[in-house]
Amino acid sequence: MIFARLAFRSLAARWLTVSLTILAIALSVVLFLGVEKIRNGAKASFADTISGTDLIVGARSGSVQLLLYSVFRIGNATNNVTWESFEDIREMPGVAWAIPLSLGDSHRGYRVLGTTAEYFDRYKFRAGKGLEFTSGVAFDDVFDAVLGADVVASLGYKLDDPIIVSHGIASFTHHEDKPFRVAGILAKTGTPVDRTVIVSLEGIEAIHVDWVGGGRAAGSLTAEQARTLDLSPKAITAAMIGVESKLRIFTLQRAINDYAEEPLLAVLPGVALQELWAVVGVAETALLGVSLMVVATALIGMVAMIFAGLNERRREMAILRSVGAGPGLIMTMLIAEAALIAAAGAAVGVAILYAGLAALQTWLDATYGIYIPPTGLGEREMITLAAAVAAGALAGLAPAARAYFISLSDGMSVKM
Amino acid sequence: MSFKFSTALSLTILTAGAAHTQTRELDAHQHGHGALNIAFEGASVAMELEVPGADIVGFEHPAESDADRALIDAAIAQLAKPLELFAMPAAAGCTVTEANVALLGEDDHDEHGDDHKDEHDDDLKDEHADDHKDEHDDDHKDEHADDHKDEHDDDHNDEHADDHKDEHADEEGEEGHNEFHAEYALTCADPSAIDAIEFVYFERFPNAAELDIQLISDKGAKGFEVERDEPRLDLSGAI
């Protein structure tokens, strides 16, 4: 093991260049592992956003699009679903429950969701967790609103505060004549619910009841007058469906997809999500490729460092040779150096990664809703790390071979 | 139905004279590309298979010759044995309790809507179901051959095929798509032992290239694509 000790001592003597090289490898490892962690964390967070809902129904479009606008509030619906169709679907055999979702209005950048109070019982996330109120209760009045945790955190609402909904998304038209009252505040979920203002379907209907052709009609009604009108909804954006038996789910899905009166689409959230991953899979592979290239670049940098060092270490080699070290030992020593640097880089990288995760975890969860569990390295990551260290040792072969040949003649005849 | 239909129409903006507008729609139909749904609940497994006729028998026109009919019958007999097409681990102890196979026309949707569809659905499905359950292979051939001839050929050719041609003369290649629909019910002694499904299906039906799979169990829903190149579905952790 003399070569290992020699390698270590030699590295320690050149600590500055060596530690910079280790840092370069460490950062490349952080990048690679970080990309993996965030990728898996984002996937898990997406998958955790909805559980317990068997089918999502909306206007016929793409399954990914339907999932994105109904569950993640990303993008918009192509069409609405008529209330008649929703009622028909609710009556279909095999449907245990159906919850309408009506999107399209906003409050200071946050989406407003019109639904029924049942939503608070049926919406599940992270493997069956339900929504909880930190204060207040679900709405029971037309003009009651329930706020997600992020809405409250950034806009500072309290119970019973008035809240004015804007018409459309990013719009300057406000429904200021019919303010809502904050009736409940939800606990943080890490899902898009946190960034949502939830009101009743009747509330959505009421604020639009005196609108004609996309604008408020002259002589608009007051909130109290609106209450007296028929506020049964005419259209919704999408619906969440639960089935009585999973065995009948595909029959129900086909019945909805073949529904003759209106072109509808029913998707299984998990299946639609997988389709989405198939779409982003190319980008993921590219990202993975880039981070692997960065690891390769750092390893090449290390080889360059060792090569450059060979010249200034002619004296060191000569001394080693003169005290009886064979060229084979010199070669082994240089390979050991490379392997040591790569291994140190990998170890430091893993340390930086977990320190970074520990520091940023809360922020990532709060800002992007990406929860990264502090789990150990996966099998795949371990294999990649081992491969990186092996590649480092292998790359060390090149300078080692050079040292092997030059140290025979060159070292002894050096003139300083 | 008629009431609902008219309300649905009145909600759409209609110009005068469009009152007799009919909805025209066609399902996607891609040769080589089928769909398989699998649902697990307790010891029960429900499966549904929808595949273009071209994948199974290589043609989609109504059976004209005895050879065509023999092909269709042989295919239906094969499709009625799901465990031979989608092999599950023996440890799971799965048995088929019900298998219904039917050959459905795809163009049922547009013009000759309802009666056509009903005819197919009801007659074919029920008959198949019964046959399969009761006397499996014996009466199978005879009855089906006849059914097919009587109901399919005659009706189809005489009434539908003709006016179809007149109306859609320009899209002749498109007409007469059909699909095999199969529904299976299985019970498994230990469904959690199903860690993979081998798709012998692709060996049996050389024209089939791909199956889109939707799977649901207590652990949630998942989507997969199984292709001829890798006829195996890894389900470890999914059920």
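Since the structure is predicted, the reported quantities are computational estimates derived from the model, not experimental observations. Here is the naming used below: chain letters follow the sequence lines, and residue numbers restart at 1 for every chain.
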Under 4.5 Å heavy-atom distance to chain A, tell me which part of B:D212 shows up: side chain, backbone, both or neither.
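Nothing of B:D212, per the 4.5 Å heavy-atom cut-off to chain A.
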Side chain, backbone, both or neither: which part of B:E41 has an atom under 4.5 Å from a heavy atom of chain A?
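Contact with chain A involves both backbone and side-chain atoms of B:E41.
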State whether the number of non-hydrogen atoms from other residues, nucleotides or ligands found under 6.0 Å of [X] atom [atom1] is greater than 12.
| X | atom1 | value |
| --- | --- | --- |
| A:K129 | NZ | no |
| A:R248 | CZ | no |
| B:E225 | CD | yes |

Please report the closest heavy-atom contact between A:V271 and B:K222, naming both atoms and the distance.
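Answer, listing the atom of A:V271 first, then B:K222: CG2-O, 3.2 Å.
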Taking all heavy atoms of B:F40 and all of A:K246, pick out the closest pair and write down the distance.
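The pair with the smallest heavy-atom distance is O-CB, 4.0 Å.
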CD-OG1 distance between B:E183 and A:T251, expressed to the nearest 0.5 angstrom:
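Answer rounded to 0.5 Å: 6.0 Å.
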Please report the interatomic distance CD(B:E48) to CD(A:Q253), rounded to the nearest 0.5 Å.
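Here the interatomic distance stands at 8.5 Å.
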A:L247 versus chain B, the contacting section by heavy-atom distance below 4.5 Å:
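Answer is both: backbone and side chain atoms of A:L247 are under 4.5 Å from chain B.
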Under 4.5 Å from a heavy atom of chain B, the part of A:S85 involved:
neither
